[in-house]
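Have a look at the structure below, then the notes.
Naming: A, B, ... by sequence-line order, numbering from 1 per chain.
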Amino acid sequence: MEIPPEGALGLLALGAVGIKAWRQARKEAGEPSHWYRKSPENDDKTHEAEKND
Amino acid sequence: MTKQKVLLIGWDAADWKVIHPLIDAGKMPTLKQFINEGVMGNLATLDPPLSPIMWTSIGTGKTADKHGVMGFTQPREDGSGIQPVLSTSRKVKAVWNILMQAGYKSHVIGWWPSHPADPINGVCISNFYHHATGALDDEWNMAQGTVHPPELAETLAELRVHPEELTASHIAPFVPDLEKIDQTKDQRLLSIAKITAEASSMHAAATWIMENQPWDFLAVYYDAIDHYCHGFMKFHPPHREGIPRDLYDFYNGVVEGGYRFHDMMLERLLQLAGDDTTVIICSDHGFHPDHLRPIQLPQEPAGPAAEHSPYGMIAMRGPAIKQDQLIYGSTLLDITPTILTLFDLPTARDMEGRPLLQAFKQAPDIKVIDSWEEIAGDCGMHDVDAEQDPWMEQEALDQLVALGYIEPPGENVQKTVENNARESKYYLARVYLSKNDYANALPLLEELFAKYPDQSRFGLRLAKVYLNLERIAEARRVTDETIAVSEQTQVQEIKDNFAQQKAAKEKAEKEKAETEEKSETEESQEIPELPDDATLLEQIRQRNRPTLALLQGNLCLAEEKPEDALAHFQKAQTASPRLPDLHISIAHSYLKMQQLQDAEEAFFQALEINPDSAAALYGLGLVYLQMRQFNDAAEALMDSVGRIYHNPNAHYFLGEAFYRLGRFEMAAQSWEVAVTQAPGLKKAHKRLIDIYQRHLNEALKAAQHQEIRDRIVEVPTHSSDQAVDKKTTLKTVLEQSGTHTKKLVGIPPAKIITLVSGLPRSGTSMMMQILQAGGLDLLTDEKRNADEHNPLGYFELEAIKNLKQDKSCLASAQGKVIKVIAQLLPALDKGYHYRIIFMLREIHEVLQSQQTMLNQAESDKDKLGQTFQQQLHRIQVWLRKQNNIEVIYVKYQEVIQHPLQAIEKLNDFLDGVLDVEKSLEVVDVNLYRARG
């Protein structure tokens, strides 16, 4: 199944697996895969690293 | 143990009136197949139709007076304001707690309210889980207590979807022309993204649990349909006058899109559940999608609930469930008893619902116990000490403020908390009204009407209660007062608006004159002259005429003056022909005048406006009974109870129709339902005695009803639900009297703050005197003078009352003694070391003494006492955990009766610094005034 990086309602309806697959596709397309969460060490670089991932 | 799995899916506000056209158009294929393979029907809602109250009723099988969840918000325990309603407000077991006790593994996702998450044997995710509070680039932390067990919090937090993650691809199915919308002016697309992301978060959590955890029962709640509807039902086809055409064109597909999204999510849930699982989909109320959509919402708290319809939906599918059948007369109180029956567990007499037997292929064996609340063992509820009644906590707090022991909260906070308490009382009154329990509703409404005469909703409901109690004169008085106050309020509102407009105009003109930029062609808009008060009043009366006429007519009807009533109703009809319930009132006037055909026609007109009106069908049944058309009467009354099952009179008259048709078993069954719903319905007991004796040969049952009938008194009394065993709660504290543990070894006395604590009026002032006489240095400011309640003074420090906000006064208390009431102890600065002399006194004596001091009535003493005891217990548990605090519990009575013994123990606690002889002189038996 082809997963568009921009996502689709159908992927959200698939639940956990759909969201994970979409975020993976987004990451592979060079976009941030995730909303921002600070690491437990309060590492401000996490988000930037993710953006550039 | 029966191998059974049940999946309960909550779709807030889902309504068959929206779903059916979508199914017919092939737009909800999963639900279509689901109902073909199972049963479906309406699910009657409860009043007030507020989601936290109702989802708790769905999860417990009990109404709000029993389960304790009373609205969207509750006061904070520390009195600093209000907060969203919490799971700890629920006083009874939910179905997942019961199933855990029975050995089944349960998971609960997003139920409202469920924060903090219940410590059940499966996963519980609270209703705080899915709300994103910041932008995409902000941290998105999760509140403590959102996920149980906490070790899954990290995994589940990752699955949340942030609204700003969504793209045009997600929103286009709701709004195809989204690119034409100027989002700087119109925020509705963001609102759709938020609702969709939140539903996706809950769904992701539910599916992850189903994929990764074993389960017997799983409940998942989606609030999105309700939110799509509140935001966009006004744009749902058909287009209505007054709705801007361009907005309609953009947003007319949002509600449909929301339902289709839920159909897609349902498909995934069913895949994961498997065919051997019984699946129940239900909503707490419906949402008017048609001409019954209100044009204007009431300007009152929870006003948007006026958009809700009284019929939610239910659909069930599973191995034991019939296929492709309709079920009737279900209420949301029936869900929990039905789930228990599916698990072959007993339902309980203290639940108000019953299992939906008509849905089962084969009638299951029904077992009933008195109450699941009595069954001991771990059920995954929060510690009993954490379960609080926030409203009583607030009253306890108010009592402490009134007694002068803590500072009142700021004016705004106080107002907010007071408003919440007001709404809570109003909702509770409505719960009682919905159960025809006028005895309990009446004092609440009388109190609200007396305190807030400007709020017509209180007066109008109070008048209705008086009408039902046949106290017609009082009904008329309250109605007249309510109308008069309401008219004056409206006059004042018009005047205020006029003054505001005038001021704004003058300001604009002044600014223009100053800048001299006014063009010659530009003319300022004239504000029309404000009419005098009498003219304004007349205009308001014209505007309100239909509603006023309806009120007056109903009063006349209650006074047995149907002709006068009809005249009022006809005036209302001229002004507003489609006023809800008007035709029902007209029909009842005709019915009283024995103009049966006119009555029939008026009921039909009511049904033409609202084909689902249970009240109109009920009235039609009465007409047919009088016309002696018993088949038609039975049919209409069955249709009525099929829509709103809880209507004892409808069941009573249905019994009459069956009786006349010679169907005695059915008649007895209907009358039994009537007395179950309204145990005081004497006429139904009378009919049951007769039918069991004369037609069904059941002498025992006849005797039982005779006995019940003889016991019925005219005015029902308040029910008492003492949830806490007072003695047990108090004992846990009292048993430790005189004992203490040493925690402050090696701390110099000059660094230790000695506190005298306890409930106000538990002997703290006497203890301060003992310590002073014994040679200790007290820190007081003597701002509070001695009075007849404390003849030797209060020994207080004013600054301590504000301890929650300002702890600086503690610095000067080192090496000294200060008095702090128990409720303020958790606010102590952890940087100091404390010795606490905690005074204990029988709670009824404490309350008696407080009430004497405040000159209060005694009516709420029991509940207040319970709350104080629960607080004491929690504080004692908290004290045990503090390493910087040593405590000795001292019984007031022991000090009075055995002063030497008590003071020697105290001296031991204080490392022998007291002059025991001098302390002994202080104990004044006369202070023990509250006893006897």
With a 6.0 Å cut-off (strictly less than), is the heavy-atom count around [atom1] of [X], excluding the residue itself, greater than 12?
| X | atom1 | answer |
| --- | --- | --- |
| B/Glu151 | CD | yes |
| B/Glu37 | CD | yes |
| B/Lys105 | NZ | yes |
| B/Gln144 | CD | no |
| B/Asp275 | CG | no |

Item checked: Full working for side-chain contact (heavy atoms from CB on, under 4.5 Å) between A/Leu14 and B/Met265 -> CA-CA 7 Å; A/Leu14 276 180; B/Met265 291 194 285; over 6 Å; no
Can you name the closest pair of heavy atoms from [X] and [Y] and give their distance?
| X | Y | result |
| --- | --- | --- |
| B/Thr207 | A/Gly15 | OG1-CA, 3.4 Å |
| A/Arg23 | B/Val161 | NH2-CA, 3.9 Å |
| A/Ala13 | B/Arg268 | O-CB, 3.4 Å |
| B/His203 | A/Leu12 | CD2-O, 3.4 Å |
| A/Ala16 | B/Glu211 | CB-OE1, 4.3 Å |

Does any non-hydrogen side-chain atom of A/Leu11 lie less than 4.5 Å from one of B/His170?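 B/His170 vs A/Leu11: side chains apart.
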Is any side-chain heavy atom of B/Glu158 closer than 4.5 Å to a side-chain heavy atom of A/Lys20?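 The answer is no; the side chains never approach within 4.5 Å.
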Let me see the working for B/Ile171 and A/Leu9 under side-chain contact (heavy atoms from CB on, under 4.5 Å), right down to the final yes or no. CA-CA 8 Å; B/Ile171 309 301; A/Leu9 211 51; over 6 Å; no
Quiz item: Side chain, backbone, both or neither: which part of B/Glu164 has a non-hydrogen atom closer than 4.5 Å to chain A?
Solution: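 Interface part for B/Glu164: neither.
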| task | Taking side chain to side chain donor-acceptor pair (under 3.5 Å) as the test, write out the residues that go with B/Asn121, two or more places apart. | result |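 None.
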*Option that, when pairs with chain B are counted at under 4.5 Å, heavy atom only, ranks first among A/Ala8, A/Gly10, A/Pro4, A/Gly18*: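 Ranked by contacts with chain B, first place is A/Ala8.
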Checklist entry - By a 4.5 Å heavy-atom criterion (distance strictly below it), what part of A/Ile19 contacts chain B: side chain, backbone, both, or neither? => result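 For A/Ile19, the contact with chain B is made by the side chain alone.
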